[in-house]
Every structure is written in C-alpha cells, then in structure tokens.
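Input: a single structure, listed below in structure tokens.
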Amino acid sequence: MSGLDEIVQAVAQVATQVGGSVVGIGRGSGRGSGVVFADGLVVTNAHNIRGDEVTAVFAGGRSAVGQIRGIDVDGDLAVVAVDTEGAAPITWAETPAGVGAAVFALANPGGRQRVTFGLVSAVDRAFRGPRGRRIAGSVEHTAPLARGSSGGPIVNAAGALLGLNTNRLGDGFYLALPADAELRRRIDALARGESTGPPHLGIGLAPARVARRLRRAVGLPDRDGLLVRVVEEGSPADRAGIQGGDLIVTAGGRPVTEIDDLYGVLDGLAADATLTLGLVRGTEERTVTVSFGAGGAQNVGMA
C-alpha cells in the first residue's frame, strides 16, 4: 500500500470513528463546530456562542437546542448541555502532538461533515483571544479548515483528541487548544458551571501609545501606563473608585506598560482575590484596592 493510500484509508477511518462525535454549532450554515466530550455535553469555542441557548446539529442532520453550562470568553472555551442522543464522547490522546505528527481535523458546520489531513508545524504558539487576552501553548497545524470549523477537534490516526481548533493564522496554518490536563480541567469546571478564567476588573483600556497621545493632547506629562476608557457600572473597578481617564501604572506592585503586563497579574489571582492598583488621575498619584469575589466575573472591556 502506498503512502497516499494509507492517508486515504486513515481519513476514512477517522471520519467513521469520530464523525458522530462532532457537531455543528448554530442554525443554518452554522457559526462553528464542537465535539461531544461526555454524555449530554459538548465543548466548543466561546466565540461561536451567541446568547444563552445554542442549536447543535449532529451527524445525520438531527438538531437540538442546548443551554450554555459554562463559558470562558478570554480562554475561548464554552460547554453546552444538550441532548447528545447516544453520540459517543471523544477519547483523549495519552500523549501530546509533537512537530511533524500527523493530525486529522474534523468539523460539522451546519451539519456538513468535513475531515482533512495535515501535520503539526509548531507547538507552544500564542494568539489573542476574543477580548484580546494572550492564549499560549497552542498547537499549529496545516490541516485545511473551512469556515465554521472552529471548535472542532484535531485527532490522531486512532481518533483520539489532540486539540480544539480555534484560530486561523492564514497562509494555510491553524491553531488548536492542546488537549492536555489543563484543558480537561477547564472543560470539567465549565461543565459544573464554574468560572475557569482569571478575575476581571470590568474596564475597557487604551494601550500605552494611545494613553501617551491622549495625555499630551490635554497638556499632561508623558507617563507609561494603560488608560481606562470605560468602567462598567457595578464592576470591581467601579466599586474600587476607578474612573474613565485614570492611568493604571502599577498592578500588584509591578509596573504596567503593556496590556499583557496587567493580564499577567490578573492571571495569577484567585477568583476572590484583591488587587492593589497604582493610578494617575491627571497629575495626582493614587492607590486603590480592587476586591473581586462574586462580582469579579463581570467585564465589558479588555481586562
């Protein structure tokens, strides 16, 4: 048997073995894909979700309306509770995919199943999530993906899960969240209705370069930091007294010059933690303490 024949046979085998576990997300042509990971539960990308309900389209064309069990927008992950009607949960690979490994990408946008073949071209890649947060550790591969494939799985030749497709890089490269112990932990927590993301301040930010330009425009001295553009009413930032126009210069005692600096501090906090921020309001230096807890999950901005 030639190498090409082996690939053809492997694609057909994966389609048969895993295709029933892959679902379309959304009505009509669909917004994306997802995969059954437990009886009655589907995991997909958060950016595929609109509202509290979602239509899942299964192999064979059956559709069912599901409820959002948990969502992590920053991590681009969501779990949907829906009648999977016997669709087999996907199995997880025991070892991660390394560079050069063969992968098969599956999708089912709008109930149209697709299976493609490619190779892992890089590991530990990073990209920006739906709200700008840096997501690291992704698997880069070359299996072609049509529109509506995000949230679908990449698997090995045995049909075991290696990752969830989430981001198109262009030039024929794609990124997938790796199916490791951390992803399983996050999915399980979302399935229980628990938040898996870091605390959110509830603010919209302008990057340092914009902050400097705006401060110059009103005659204020240059200062490195992140400019607060908007504060959500009732958010942790609002309760701490942060206002639009404030310049965040430190977080947890660390200098903040880029958005990733602030994300790095937030990522290390527990959901009920407190955080000390150094602010400049006009020319006045201020220090505020932000308490998260139950209200900390609110967010309409970038941090």
Side-chain angles (χ1 to χ4, degrees), residues 46-47 49-50 71-77 125-138 166-170 175 195-303:
H47 72 254
I49 302 301
R50 304 289 187 276
I71 188 166
D72 175 6
V73 176
D74 287 325
D76 204 14
L77 203 62
R125 292 294 308 274
F127 66 99
R128 298 285 176 183
R131 287 197 294 219
R133 187 178 293 274
R134 186 175 182 270
I135 301 175
S138 298
T166 188
N167 193 50
R168 185 188 305 272
L169 293 176
L175 291 179
S195 171
T196 65
H200 296 293
L201 289 168
I203 57 178
L205 295 170
R209 65 182 185 280
V210 176
R212 287 190 291 270
R213 185 171 69 244
L214 292 175
R215 284 178 64 85
R216 290 191 202 112
V218 295
L220 293 172
D222 279 355
R223 184 72 182 271
D224 287 334
L226 303 175
L227 186 69
V228 177
R229 293 187 291 107
V230 62
V231 179
E232 180 187 11
E233 184 178 354
S235 68
D238 184 36
R239 296 195 301 269
I242 297 174
Q243 300 178 7
D246 285 348
L247 188 73
I248 299 176
V249 295
T250 64
R254 304 180 193 175
V256 172
T257 59
E258 302 292 341
I259 288 176
D260 283 340
D261 296 335
L262 181 57
Y263 285 157
V265 174
L266 290 171
D267 287 345
L269 297 178
D272 58 352
T274 60
L275 175 64
T276 300
L277 296 177
L279 309 176
V280 177
R281 183 171 295 167
T283 58
E284 179 186 356
E285 303 273 349
R286 293 179 174 230
T287 300
V288 299
T289 299
V290 181
S291 298
F292 295 99
Q298 303 177 61
N299 183 14
V300 293
M302 297 177 63

Item to check | His47 side, atom NE2; Ile71 side, atom CD1 - distance, nearest 0.5 Å | outcome: 11.0 Å
Item to check | From CG (Leu77) to CD1 (Ile49), nearest 0.5 Å | outcome: 10.0 Å
Checklist entry - Quick check: does any side chain N or O of Arg229 sit under 3.5 Å from a backbone N or O of Gly245, one acting as donor and the other as acceptor? => result no
Checklist entry - Got a sec, which residues hit salt bridge (Lys or Arg N to Asp or Glu O under 4.0 Å) with Arg223, two or more places apart in sequence or on another chain? => result Glu285
Checklist entry - Given side chains that start at C-beta, do those of Ile248 and Ile203 come closer than 4.5 Å, heavy atoms only? => result yes
Checklist entry - Do Val228 and Leu205 come close enough that some side-chain heavy atom pair is under 4.5 Å? => result yes
Checklist entry - Quick one: side chain to side chain donor-acceptor pair (under 3.5 Å) pairs with a partner in residues 270-282, sequence neighbours left out? => result Asp246-Arg281
Checklist entry - What pairs with Arg254 under salt bridge (Lys or Arg N to Asp or Glu O under 4.0 Å), at least two apart in sequence or on another chain? => result none
Item to check | Side chain to side chain, Leu269 and Leu266, heavy atoms closer than 4.5 Å | outcome: yes
Checklist entry - Looking at Ala237 and Gly202, what are the two nearest heavy atoms and their distance? => result CB-O, 4.4 Å
Checklist outcome for this item: Closest heavy-atom pair, Ala251 versus Leu277, reported as atoms and distance to 0.1 Å, is CB-CD2, 3.6 Å
Item to check | Over all atoms of both residues, closest heavy-atom pair of Leu175 and Ala126 | outcome: CD1-O, 4.2 Å
Next on the checklist: What I'd like to find out is whether the side chain of Arg215 reaches to under 4.5 Å of the side chain of Val280, using heavy atoms alone.
Outcome noted: yes
Item to check | Rounded distance [0.5 Å steps], CG in Leu227 versus CZ in Arg212 | outcome: 11.5 Å
Checklist outcome for this item: Interatomic distance, CG@Leu279 vs CG@Leu247, rounded to 0.5 Å, equals 8.5 Å
Checklist entry - Would you call Asp261 and Pro255 a side-chain contact if the rule is heavy atoms closer than 4.5 Å? => result no
Checklist entry - Counting only heavy atoms not in Arg50, do more than 12 fall under 6.0 Å of its CZ? => result yes
Checklist outcome for this item: The reported gap from CG in Leu226 to CD1 in Ile259 (rounded to nearest 0.5 angstrom) is 6.0 Å
